[in-house]
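Worksheet: the structure to be examined is printed underneath.
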Amino acid sequence: MMKRPWFLVVLIALASVASAQSYPTRPIRLIVPYPPGGGTDTVARLIAQPLTERLGQQVVVDNRGGASGIIGTDMGARAAPDGYTLVFCLPASVSVNPTYYQNLPYDPARDFAPVIQLNTIALLLVTTPSLPASNVNELIALARAKPGQFNFASSGNGSAAHLAMELFNMMAGVKMVHVPYKGGGPALTDIISGQMHMMSGPLIAALPHVKSGRIRAMAVTTERRVKGLPEVPTIAESLPGYESSIWHGVVVPRGVPVAVVNRLNREIGEILKIPEVQSRLDSQGAEPVGGTPGKFAALIKSDTAKYAKLLRDVGLAGSARR
């Protein structure tokens, strides 16, 4: 392949810098690969409004739900790499799907450039009150004594709630049976009624039922205890090394100028420092994170390896079709 003349390389670089300095000059689309109204959509809109103000151009949230985030994420992968399409992401869309699905239409490592991690979100392990275990150690002992006799619900195959409990099964050396639901709401309803024994789910969804006494909060899945629930221990306190938190982040199509990526990283990082934004995230069991694009890239890479191993170990690698 013929190399570009040095002066052409310089001209391209200068044009890229000039473009980044004037960016943005028109509205920006933020693709959220999940339906409106959920926790993911709420966080996206929490970021979009102040980002609009800081960039001086409207940031429009575009919900493209379906197929475990594949539809919207693939749309983002195919967008022009000009900085006018941002993609909201979770571990499922960029770290789990590559191993879980056959024939995934996008490759996160090839098709996206990480911008910033927004937060870390705690999952809460909850049980039906009639379960004869009040802490993680008692739950492990109970499950070991009666293998296959206890079930756990989730919001769907391959979901964060599903994989959090599969990791628990593997690390604790127990066998509890997975029962997938079409969403976290129906799963929680059956925990309350006693038809399901337990589940790990987003803290914000479970908390009202914990406070009413209809379900029992046993532990959080993060490395550290959650600020809003300091009395609830972590699973890691009984099962050292366990961690299964989820997160939100922003990526862009690969090829967006580095200066634009850095601008977006800087602006969103400042938004995460706004007290009102921090308060809203705290109320959802989410801890603001921020950091560099490189730090976020390392997280995506490490989570991809972690989930690939987990999916292989539990026999779920390549088990899903689009």
Side-chain angles (χ1 to χ4, degrees), residues 38-39 91-92 120-246 283-287 310 313-314 316:
T120 297
I121 305 169
L123 298 179
L124 184 63
L125 173 58
V126 297
T127 69
T128 188
S130 62
L131 189 73
S134 58
N135 58 56
V136 172
N137 285 328
E138 291 179 1
L139 174 60
I140 292 173
L142 189 66
R144 285 176 178 170
K146 299 180 178 181
Q149 295 187 35
F150 297 98
N151 52 46
F152 66 91
S154 82
S155 53
N157 284 312
S159 66
H162 175 200
L163 297 183
M165 290 304 297
E166 292 289 4
L167 181 63
F168 183 90
N169 264 348
M170 187 173 67
M171 292 186 65
V174 299
K175 176 61 178 177
M176 295 188 289
V177 180
H178 176 224
V179 181
Y181 283 71
K182 293 182 179 179
L188 270 175
T189 297
D190 278 1
I191 299 292
I192 294 168
S193 70
Q195 294 185 56
M196 287 288 116
H197 293 118
M198 71 199 78
M199 73 175 290
S200 286
L203 185 149
I204 190 171
L207 198 54
H209 304 298
V210 170
K211 290 182 176 178
S212 69
R214 289 181 287 182
I215 57 177
R216 178 189 296 146
M218 186 166 285
V220 293
T221 64
T222 41
E223 289 181 319
R224 298 185 300 273
R225 294 193 181 196
V226 174
K227 188 184 302 183
L229 284 175
E231 73 281 4
V232 177
T234 67
I235 291 177
E237 289 174 40
S238 299
L239 202 59
Y242 181 95
E243 193 278 327
S244 190
S245 60
I246 60 175
S283 71
Q284 298 185 44
E287 179 182 347
L310 175 60
D313 288 346
V314 300
L316 291 173

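- The two residues P230 and K227 come nearest to each other via the heavy atoms CD-O, 3.4 Å.
- With values rounded to the nearest 0.5 angstrom, F150 atom CZ is found 12.0 Å from T128 atom OG1.
- Side-chain contact check for L139 versus N135: every heavy-atom pair is 4.5 Å or farther apart.
- Nearest heavy-atom pair, V226 versus A122, reported as atom, atom and distance to 0.1 Å: CG2-CB, 3.5 Å.
- Side chain of E237 to backbone of L239: no donor-acceptor contact under 3.5 angstrom is found.
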Can you give the donor-acceptor pairs under 3.5 Å from side chains of residues 215-222 to other protein atoms, not counting sequence neighbours?
unit_1	atom_1	unit_2	atom_2	d
R216	NH1	L131	O	3.0
R216	NH1	A133	O	2.6
R216	NH2	P129	O	2.7
T221	OG1	L123	N	3.2
T221	OG1	L123	O	3.4
T222	OG1	R224	O	2.9

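- In this structure, M196 CE and F152 CZ are separated by 10.5 Å, a value rounded to the nearest 0.5 Å.
- Between the CD1 atom in I121 and the OG atom in S245 there is a gap of 8.5 Å [rounded to 0.5 Å].
- The backbone N or O of H209 lies less than 3.5 Å from a partner atom in the side chain of S212, making a donor-acceptor pair.
- Among all heavy-atom pairs drawn from T234 and E223, the shortest one is CG2-O, 3.8 Å.
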List, one per line, each side-chain donor-acceptor pair under 3.5 Å for residues 164-179, sequence neighbours excluded.
unit_1	atom_1	unit_2	atom_2	d
E166	OE2	H162	NE2	3.0
N169	OD1	M176	N	3.2
N169	ND2	M176	O	3.1
H178	ND1	H162	NE2	3.3
H178	NE2	S154	OG	2.7

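- Here the NE2 atom belonging to H197 is positioned 11.5 Å from the CG atom belonging to D190, to the nearest 0.5 angstrom.
- Residues L124 and V232 are in side-chain contact: their nearest non-hydrogen atoms beyond the backbone lie under 4.5 Å apart.
- P132 is listed as a side-chain neighbour of L142, based on a closest heavy-atom distance under 4.5 Å.
- Here M199 contributes atom CE and T127 contributes atom OG1; the two are 12.5 Å apart, rounded to the nearest 0.5 Å.
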